[in-house]
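Since the model is a prediction, treat every value here as computed from it, not as a measurement.
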Amino acid sequence: GGWASDAHGLAARIAEQAELAISTADAVLLVVDATVGTTDEDEAVVQVLRRSHKPVVLAANKVDDMHTEIEAAAMWNLGLGEPHPVSAIHGRGSGDLLDALVDVLPERAAAPVLVGGPRRVAIVGKPNVGKSSLLNRLARQDRSVVSDMSGTTVDPVDEVVAVGGVPYRFIDTAGLRRRVKEASGHEFYASLRTQTAIERAEVCIVVIDASEPISDQDMRILNMVEEAGRALVVAYNKWDLTDEERRRYLEREIERDVQAFAWAPRINISALKGRGVDKLSRNIETALHGWETRVSTGKLNAFLGRLTASHPHPVRGGKQPRILFGTQAHNCPPTFALFTSGVMDDSYVRFIERRLREDFGFEGTPVQVEIRPRERRGGRGRGRPTS
């Protein structure tokens with residue numbers, strides 16, 4: 001975000017995040033307006049950069065043609081070395097600027113490939129439900145900017161935090177708008193980066209505002225996590241703002257709308273007051289355990305044998321498809337491939353999924369059941385019913 005020396009309120013918090021970014025960066029790109037010239041704010045930020053002892057590259061922006069390059073040269077007086085004239089709109093000078101950035105980056109060996117490490121947890125939800133407040137409460141510091149104004153988080157923010165003594169890599173994300181195509185400018189790209197964060201995570205905490213009715217947007221986010229095949233924990237935040245009447249209505253809304261996600265651990269929290277936050281670790285571990293569960297082929301086929309014997313597939317068109325063999329194709333999330341004698345009804349496939357959960361758990365994870373009908377062989381009898 002933009003940095004200002006005399007910022008107040010939200011702007012001051014954004015400036016603090018900019019200084020935090022400077023402290024954690026390998027190099028800093030300072031962008032100034034060549035058409036305005038050197039300002040007092042430019043001088044102030046230069047002092048901050050000098051105290052950071054980080055390599056700095058100076059970009060003089062809005063140099064759209066040769067005539068404006070003379071104005072860019074005036075930026076030498078900032079004392080940061082050569083100003084690189086660029087035009088952010090037209091891309092002019094961007095190649096030379098990139099070369100200059102690469103030159104100042106510190107020499108560093110290739111980063112080792114980490115095996116294991118903290119589990120990746122994405123905090124997702126619609127705008128202003130308390131995602132950043134939750135991350136700050138977990139980190140015990142103001143890692144993300146928090147404001148009553150929605151949309152103050154744009155880029156995903158990673159933070160390694162210990163919860164209940166267990167380290168996790170939390171990813172705080174921008175609030176997802178109703179539809180990506182309805183977002184504009186930075187909101188559009190923020191939504192895309194949030195989707196990428198979900199894909200990068202192993203488990204997602206979907207934060208829902210308990211003080212307000214569950215919305216279609218909340219349901220869309222839950223579906224997005226399920227479709228991505230990630231483990232899921234549902235956190236009902238702002239519990240301190242609910243009264244008995246609101247809690248009764250919430251239970252009805254959960255029973256009516258969120259019943260399809262009854263397999264996900266649920267926790268009531270107050271990110272502002274800290275209520276229930278330390279219990280998140282147990283829910284995360286439960287969801288990850290279900291996400292990684294693997295059922296042996298022997299146990300799976302014994303289960304399928306009992307299931308089809310007591311509840312066979314209904315007869316359709318004079319035929320009754322049978323399950324010939326089943327195997328767990330992979331976990332994370334648990335995915336089962338069932339080889340059958342014919343196409344099975346969607347309702348029966350959902351029935352199999354429910355019974356899999358009853359027998360093997362899978363709490364906190366989507367379960368995918370893929371039906372692979374046996375291909376019909378050509379030749380004698382093709383197209384005619386057989387006895």
Note: Lys62 and Thr35 closest approach over all heavy atoms is O-CG2, 3.8 Å

Going hydrophobic residue to hydrophobic residue with side-chain gaps under 4.5 angstrom, can you get from Met224 over to Ile214? yes

### Message
What verdict does the side chain to side chain contact (heavy atoms under 4.5 Å, CB included) test give for Ile198 and Arg230, after you've listed the backbone C-alpha separation in whole Å, the side-chain angles of each residue and the deciding distance to 0.1 Å?
### Response
CA-CA 8 Å; Ile198 292 175; Arg230 297 300 178 259; 4.3 Å; yes

Checklist entry - Could Arg355 and Glu358 be called an ion pair, given the rule that one side-chain N must be under 4.0 Å from one carboxylate O? => result yes

*Beyond-backbone contact of Gln47 with Arg50, side-chain heavy atoms, under 4.5 angstrom*: yes

Closest non-hydrogen contact found for Ser52 with Leu49 is OG-O, 2.6 Å

inquiry  = Is the shortest side-chain heavy-atom distance between Thr297 and Phe325 below 4.5 Å?
reply    = yes

So CD1 of Ile269 and CG of Asn237: to nearest 0.5 Å the spacing works out to 4.5 Å

| said: Students often mix this up, so state it plainly: with edges at 30° and 60°, are the rings of Phe261 and Trp263 parallel, tilted or perpendicular? | reply: tilted

Indicate, with yes or no, if Val129 and Leu241 share a hydrophobic cluster defined by side-chain heavy-atom contacts under 4.5 Å among Ile, Leu, Val, Met, Phe, Trp and Tyr. no

Distance col, row His330:NE2 vs Thr335:OG1, nearest 0.5 angstrom, shows 3.5 Å

Any donor and acceptor pair, going by atom type alone, linking the side chain of Glu226 with main-chain N or O of Pro366 inside 3.5 Å? no

Given the options Thr242, Ile254, Ile267, Val207, Tyr236 meets side-chain contact (heavy atoms from CB on, under 4.5 Å) only with Ile254

The remaining residues in the hydrophobic cluster of Trp76, counting side-chain heavy-atom contacts under 4.5 Å among Ile, Leu, Val, Met, Phe, Trp and Tyr, are none

*What's the verdict on side chain to side chain contact (heavy atoms under 4.5 Å, CB included) for Trp239 and Arg247, showing C-alpha distance, side-chain angles and the deciding distance?*
CA-CA 9 Å; Trp239 198 254; Arg247 293 175 187 179; 3.4 Å; yes

The residue among Pro321, Pro314, Pro373 that forms side-chain contact (heavy atoms from CB on, under 4.5 Å) with Met344 is Pro321

Look at atom CZ of Phe339 and say whether more than 12 heavy atoms of other residues, nucleotides or ligands are closer to it than 6.0 Å. yes

Check your understanding: Distance-only, no hydrogens or angles: does the Arg120 side chain make a donor-acceptor pair with backbone N or O of Arg200 under 3.5 Å?
Key -> yes

message = Any non-hydrogen side-chain atom of Leu29 less than 4.5 Å from a side-chain atom of Leu97?
response = yes

Margin query: Please say yes or no: joined through hydrophobic side-chain contacts below 4.5 Å, possibly via intermediate residues, are Val28 and Val104 part of one cluster?
Written below: no

The reported gap from CG in Leu98 to CG in Asp103 (rounded to nearest 0.5 angstrom) is 9.5 Å

### Message
Between Met219 and Val206, is there shared hydrophobic-cluster membership here, with clusters defined by ILVMFWY side-chain heavy atoms closer than 4.5 Å?
### Response
yes

ask   = Should we count NZ of Lys54 as having more than 12 external heavy atoms under 6.0 Å?
value = yes

Interatomic distance, CG@Asp65 vs NE2@His90, rounded to 0.5 Å, equals 8.5 Å

*Is Asp240 salt-bridged to Arg275, going by a charged N under 4.0 Å from an acidic O?*
no

Query - Derivation and outcome, side chain to side chain donor-acceptor pair (under 3.5 Å), residues Asn136 and Ser133 - result: CA-CA 5 Å; Asn136 288 341; Ser133 296; 5.6 Å; no

inquiry  = Please check: side-chain N/O of Thr365 versus main-chain N/O of Phe362, any donor-acceptor pairing under 3.5 Å?
reply    = no

Carboxylate-amine/guanidinium proximity below 4.0 Å for Asp218 and Lys126
yes

(request) Inspect the contact between Arg246 and Glu253 and indicate whether a charged nitrogen and a carboxylate oxygen are less than 4.0 angstrom apart. (result) yes

Tyr348 meets the ring-ring contact (aromatic ring centres under 6.0 Å, His included) criterion, sequence neighbours left out, with His313, Phe351

Any chance the side chains of Thr39 and Asp42 put a donor and an acceptor closer than 3.5 Å?
-> yes

task = Using atom types as modelled and distance alone, determine if a side-chain donor or acceptor of Asp26 lies under 3.5 Å from a backbone N or O of Pro106.
result = no

inquiry  = Taking CZ in Arg357 as the centre, count heavy atoms belonging to other residues, nucleotides or ligands within less than 6.0 Å. Is the count above 12?
reply    = yes

Is there a side-chain contact between Arg119 and Val203, using heavy atoms and a 4.5 Å cut-off? no

Interatomic distance, CD1@Ile323 vs CG@Asn301, rounded to 0.5 Å, equals 9.0 Å

Item to check | Test item: Thr308 and Arg322 side chains (from C-beta on) under 4.5 Å apart, heavy atoms | outcome: no

Of all heavy-atom pairs linking Ser211 and Lys238, the shortest is OG-CD, 4.2 Å

Worksheet item: Under a single-linkage definition using a 4.5 Å side-chain heavy-atom cutoff for Ile, Leu, Val, Met, Phe, Trp and Tyr, are Leu78 and Leu101 assigned to the same hydrophobic cluster?
Response: no

Shortest non-hydrogen pair, Leu300 vs Val295, comes out as N-CG1, 3.9 Å

Here the gap from Asp257 atom CG to Ile208 atom CD1, rounded to the nearest 0.5 Å, amounts to 9.5 Å

What one should report as the nearest heavy-atom pair of Val166 and Glu285 is CG1-OE2, 3.9 Å

*Under the side chain to side chain contact (heavy atoms under 4.5 Å, CB included) rule, what do Ile221 and Gln217 come out as? Steps first, then yes or no, please.*
CA-CA 6 Å; Ile221 295 169; Gln217 179 66 353; 4.2 Å; yes

Contacts satisfying ring-ring contact (aromatic ring centres under 6.0 Å, His included) that involve residues 266-309 (not counting sequence neighbours) are Phe303-Phe360

Scanning both residues in full, the closest heavy-atom pair of Asp33 with Met75 reads O-CE, 3.3 Å

Subject >> 4.5 Å side-chain heavy-atom contact, Asp64 and Ser87 >> reply: yes

* Asked: Which is it for Leu134 and Phe170 under the side chain to side chain contact (heavy atoms under 4.5 Å, CB included) test, yes or no, and what are the steps along the way?
  -> CA-CA 10 Å; Leu134 177 57; Phe170 281 92; over 6 Å; no

With Asp359 as partner, the option from Arg354, Arg306, Lys299 fulfilling salt bridge (Lys or Arg N to Asp or Glu O under 4.0 Å) is Arg306

| Exam field: side chain Ser281 to backbone Val163, donor-acceptor pair closer than 3.5 Å | yes

Handout entry: Salt-bridge criterion met for Glu251 and Arg266 (N-O under 4.0 Å)
Key = yes

Check: Does any N or O in the side chain of Ser215 come within less than 3.5 Å of the main-chain N or O of Pro213, such that one atom is a donor and the other an acceptor?
Finding: no

| request: Mark yes or no for whether Arg137, through its side chain, and Ala271, through its backbone, hold a donor-acceptor pair below 3.5 Å. | output: yes

